Amino acid sequence: MSDPYARPGGDPHHGSWSSPGGYPWQPGSGQEPYEGQYPPNGYYGNGGNQPPPRTHGMTTFAMVTGIVAAVISLVPFLGFISFILGPLAMVLGIVGIAKRFRSRGFSVTALVTGTFGLLVSILYAVLLSTILSFYDNTQSFEFEAEGTGEYELSLTTTSALPVTTNESGRYGSTVDASTLFGGIVVTNLDGNRGTISCRIYDSTGNLLVENTDVGIDAVAQCMLSDVLVRKVEDLDFPEEISARGLG
């Protein structure tokens with residue numbers, strides 16, 4: 001009777017699969033091979049001696065990108081970088097999962113950390129926008145500048161870019177300006193050694209801020225943001241009540 005366990009063409013190793021302990025397992029002996037016994041080379045589709053595929057490079061890059069995005073998103077003024085790194089890690093992680101690359105955990109980590117970095121960046125952006133909108137409002141102000149010679153006048157109202165002109169003598173204008181970004185800067189020109197100054201009044205004529213400078217390249221700067229800072233510094237907080245004062 002032919003051996004049902006024989007391989008086509010014969011197999012010199014048939015009937016002598018060895019366990020790690022050196023005890024062979026014979027087909028038809030009624031004993032099943034215990035865990036840890038493996039057939040000799042040639043019984044696996046990959047030849048039995050081929051190493052498993054290496055980790056896919058894209059999944060590693062995706063995971064590193066996601067971790068960096070998550071860490072940077074927690075750093076003030078640098079979190080905006082996660083607006084780029086976060087989505088990149090998310091896309092690469094999704095691609096790695098969809099294509100079933102090896103090291104699936106790397107792709108999942110990239111997706112989770114990239115999502116976290118993006119959400120934290122969005123949260124910071126919304127918070128910053130809310131704070132700026134709370135302090136920033138447009139009001140009517142009187143901007144004044146004065147110099148003994150020619151000077152450069154840089155005027156900022158509601159736009160981010162200032163309007164620059166050359167003036168001499170006295171300048172005055174009523175403008176609608178942002179309480180956070182509005183301001184006026186006066187700079188001496190052409191070797192002028194004279195005195196220059198700037199002032200900002202509110203709509204009722206109260207002086208809010210003024211500044212004076214003299215000499216070559218003198219600069220006088222009046223910014224409405226200084227008014228906000230001064231108001232915060234001038235807040236009166238109740239003094240600490242001592243136990244002796246209560247007695």
Side-chain angles (χ1 to χ4, degrees), residues 72-84 120-246:
I72 292 181
S73 67
L74 300 175
V75 181
F77 306 109
L78 290 179
F80 68 91
I81 299 179
S82 295
F83 277 112
I84 300 175
V120 172
S121 299
I122 294 175
L123 179 62
Y124 271 129
V126 172
L127 181 61
L128 180 61
S129 177
T130 302
I131 293 176
L132 292 179
S133 63
F134 177 78
Y135 286 103
D136 184 23
N137 58 84
T138 302
Q139 298 180 15
S140 180
F141 299 95
E142 180 71 22
F143 284 7
E144 291 187 358
E146 190 172 1
T148 55
E150 187 178 13
Y151 57 85
E152 181 183 80
L153 176 66
S154 180
L155 192 67
T156 303
T157 55
T158 56
S159 63
L161 297 177
V163 177
T164 302
T165 59
N166 291 345
E167 303 287 343
S168 61
R170 183 177 182 135
Y171 170 87
S173 177
T174 301
V175 298
D176 291 331
S178 164
T179 56
L180 190 60
F181 303 106
I184 183 171
V185 179
V186 185
T187 306
N188 267 339
L189 292 177
D190 299 332
N192 183 12
R193 299 175 179 269
T195 301
I196 54 175
S197 62
C198 62
R199 291 173 295 275
I200 298 179
Y201 298 87
D202 63 14
S203 58
T204 60
N206 297 316
L207 179 63
L208 299 178
V209 58
E210 65 177 340
N211 187 246
T212 302
D213 199 4
V214 61
I216 299 178
D217 297 328
V219 177
Q221 178 174 288
C222 298
M223 305 301 295
L224 288 172
S225 58
D226 296 336
V227 180
L228 293 177
V229 172
R230 189 170 64 247
K231 287 182 177 180
V232 173
E233 293 176 347
D234 292 342
L235 289 177
D236 292 330
F237 296 95
E239 297 181 358
E240 183 179 356
I241 302 177
S242 64
R244 179 178 299 180
L246 297 175

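On a predicted model such as this, the values are computed, not experimentally measured, just so you know. Throughout, numbering of the chain's residues begins at 1 and tracks the sequence.
The side-chain contact (heavy atoms from CB on, under 4.5 Å) test applied to Val219 returns Val185, Thr187, not counting sequence neighbours. In this structure Glu144 satisfies the salt bridge (Lys or Arg N to Asp or Glu O under 4.0 Å) test together with Arg170, Arg199, sequence neighbours excluded.
Between the side chain of Asn211 and the backbone N or O of Gln221 there is at least one donor-acceptor pair closer than 3.5 Å. At distances below 3.5 Å, not a single donor-acceptor pair connects side-chain atoms of Tyr201 with backbone N or O atoms of Val209. Side chain of Ser121 to backbone of Gly79: a donor-acceptor contact under 3.5 angstrom is found. A donor-acceptor pair under 3.5 Å links the side-chain atoms of Asn188 to the main chain of Gly194, judged by distance alone.
Residue Ser197 comes nearest to Ala220 through the heavy atom pair CA-CB, 4.1 Å, listed as atom of the first residue, atom of the second, then distance. The nearest pair of heavy atoms linking Met223 to Gly183 is SD-CA, 3.7 Å. When every heavy atom of Thr179 is checked against every heavy atom of Phe141, the shortest pair comes out as CG2-CZ, 3.9 Å. Residues Ser178 and Thr158 share a closest heavy-atom pair of N-CG2, 4.0 Å. Between Tyr151 and Gly169, the shortest heavy-atom contact is OH-O, 3.1 Å. Summarising the geometry of Ala145 relative to Ile184, their closest heavy-atom pair is CB-CD1, 3.9 Å, with the distance given to 0.1 Å.
No side-chain heavy atom of Leu155 sits less than 4.5 Å from a side-chain heavy atom of Pro162. The closest side-chain heavy-atom distance from Phe181 to Leu224 is not below 4.5 Å.
The distance from the CD atom of Glu146 to the CD1 atom of Ile196 is 11.5 Å, given to the nearest 0.5 Å. To the nearest 0.5 angstrom, Phe80 atom CZ is 14.0 Å from Tyr124 atom OH. A distance of 7.0 Å separates CG in Leu78 from CD1 in Ile72, rounded to the nearest 0.5 Å. Distance CG/Leu189 to CD1/Ile216: 12.0 Å, rounded to 0.5 Å. The line from CG of Leu161 to OG of Ser154 is 10.0 Å long, rounded to the nearest 0.5 Å. Atoms CG and CG, from Asp202 and Leu208 in turn, are 4.5 Å apart once rounded to the nearest 0.5 Å.
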Original post:
Yes or no on side chain to side chain contact (heavy atoms under 4.5 Å, CB included) for Thr164 and Glu152, after CA distance, side-chain angles and deciding distance?
Top reply: CA-CA 7 Å; Thr164 302; Glu152 181 183 80; 3.4 Å; yes
